[in-house]
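Report on the structure given below.
Because only heavy atoms are used, hydrogens play no part in the values below, and waters and symmetry mates are left out as well, while side chains stay in.
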Amino acid sequence: MGSVESYLLEKHIVVVDDEAALRDLVASIFEQEGFTHVTTFASPLEALAYCRQAKANDRMVDLFVLDVMMPVLDGFALLGEIRAIQGFQRTPALFLTAKDEPSDRIDGLGRGADDYISKPFLPQELVLRMLAVLRRCYAWESPSIDLGFCKVDLDTAEVVRPDGTVMLTAKEHDILEVLAQNRGRIVTIDALSNACWGDSFGYENTLMAHVRRLREKIEEDPSSPTSLVTARGLGYKLNVRG
């Protein structure tokens, strides 16, 4: 399946299916791809109890893979109960089901699922669609940023441009990391200064100087930036491709 980003391989996946063979197969597929934290449940009630205790035991979940047709609580009802728990309102979920009518798919997606895969399925399809959900839902965690003109790897502080690779300074890295975590949103000058220097008083000119040098590295035309843009009177915003 190719290389999976390391930050995704650390995600905690919970698989709930009352069929042992299928449950073990799904877990095995994920583990073969390099996922190290896969938890399985045969009972939806056990899975629900696990989620209710998760915060107290520091066991949060990053993705649910749920069978639909299960006793006591079907997958639809289980997801509804999970989403009612504090901290799980936005945790992505993927349904696996033998019910493959268009109306079933619409029903599943309408109940808050991020994807809906019909049984039987190919292992490659399951992995690709699971990765698509994770990448979409946790894009802000990715150390790789595509800015159109260049790509930035925050793990290595490298800016890969058409004319070669340049390195970020420590402070440029800090500024870009904060903006990347808030991609597409305005970060005020005070908030950015606080995040990078621990204080906002007296750092506006210093921040402007760092932003100017940062633009020289990441923009095709630093005098007319399209990625690191100024929100006049407020702060800065990072526009990321995709």
Side-chain angles (χ1 to χ4, degrees), residues 4-5 7-20 22-31 33 35-121 123 125-142 181-185 240 242:
V4 179
E5 298 92 322
Y7 81 100
L8 293 182
L9 293 176
E10 299 170 357
K11 296 301 179 187
H12 181 196
I13 303 172
V14 165
V15 180
V16 187
D17 197 313
D18 61 321
E19 293 184 37
L22 189 59
R23 184 175 65 250
D24 293 344
L25 172 64
V26 171
S28 176
I29 290 171
F30 292 159
E31 288 166 354
E33 288 299 320
F35 287 86
T36 57
H37 200 178
V38 181
T39 305
T40 64
F41 293 97
S43 163
L45 293 181
E46 289 179 359
L48 189 57
Y50 179 88
C51 293
R52 286 173 174 159
Q53 291 295 319
K55 282 193 104 175
N57 298 313
D58 194 26
R59 298 181 306 195
M60 295 305 289
V61 179
D62 299 299
L63 174 71
F64 290 99
V65 179
L66 308 176
D67 183 30
V68 171
M69 300 177 69
M70 294 185 290
V72 185
L73 273 181
D74 66 21
F76 294 154
L78 174 59
L79 181 59
E81 293 286 343
I82 289 172
R83 289 278 170 81
I85 300 172
Q86 181 68 29
F88 287 93
Q89 294 94 333
R90 296 185 178 180
T91 305
L94 187 155
F95 282 139
L96 297 177
T97 180
K99 301 173 68 176
D100 59 356
E101 294 295 323
S103 58
D104 297 320
R105 184 179 298 273
I106 292 171
D107 191 19
L109 295 173
R111 290 171 184 257
D114 294 86
D115 205 347
Y116 187 106
I117 301 179
S118 300
K119 303 175 186 176
F121 52 82
E125 178 190 14
L126 174 60
V127 171
L128 287 173
R129 291 172 69 170
M130 178 269 292
L131 288 174
V133 171
L134 288 177
R135 286 175 178 135
R136 182 172 67 249
C137 294
Y138 298 102
W140 61 275
E141 294 183 12
S142 173
Q181 290 171 351
N182 295 275
R183 60 192 68 188
R185 298 193 298 268
V240 176

* Asked: If you round to the nearest 0.5 Å, how far is CG of Leu126 from CD1 of Ile117?
  -> 5.0 Å
* Structure fact -> Correct closest heavy-atom pair for Asp114 and Pro92 would be OD1-CA, 3.0 Å
* **Candidate pair Thr97 and Phe76, rule side-chain contact (heavy atoms from CB on, under 4.5 Å), full reasoning** => CA-CA 11 Å; Thr97 180; Phe76 294 154; over 6 Å; no
* Asked: Does a salt bridge link Lys119 with Asp67, judged by any charged N lying under 4.0 Å from a carboxylate O?
  -> yes
* Can you tell me how far CG of Leu8 sits from CZ of Phe35, rounded to the nearest 0.5 angstrom? -> 6.0 Å
* Asked: Would you find a donor on one side and an acceptor on the other, under 3.5 Å apart, between the side chain of Glu81 and the backbone of Leu79?
  -> no
* To do: Answer with yes or no after comparing the ring centroid distance for Phe41 and Tyr50 against a 6.0 Å cut-off, counting only values under it.
  => yes
* Please round to the nearest 0.5 Å and tell me the distance separating atom CG of Leu94 and atom CG of Asp115. => 5.0 Å
* Asked: Under 30°, 30 to 60°, or over 60°: which ring-plane class applies to His12 and His37, parallel, tilted or perpendicular?
  -> parallel
* Separation of Met70 CE from Leu78 CG (nearest 0.5 Å) -> 5.0 Å
* Leu9 side, atom CG; Glu31 side, atom CD - distance, nearest 0.5 Å -> 12.0 Å
* Residues that Arg136 engages under side chain to side chain donor-acceptor pair (under 3.5 Å), provided they are two or more places apart -> none
* Closest non-hydrogen atom pair, Ile13 against Met130 -> CD1-SD, 4.2 Å
* Structure fact -> The reported gap from CG in Leu63 to CG in Leu131 (rounded to nearest 0.5 angstrom) is 10.0 Å
* Please report the shortest heavy-atom distance between Gly75 and Phe95, naming the atom on each side. => O-CE2, 3.5 Å
* For Pro123 against Ile29, the heavy-atom pair lying closest together -> CB-CD1, 3.7 Å
* Structure fact -> Here the pair of heavy atoms bringing Ala47 nearest to Val16 is CB-CG2, 3.6 Å
* **Qualifying salt bridge (charged side-chain N to carboxylate O under 4.0 Å, His left out) pairs, either residue in residues 38-51, two or more places apart** => none
* Structure fact -> Heavy-atom nearest pair, Arg83 first then Phe88, reads CD-O, 3.3 Å
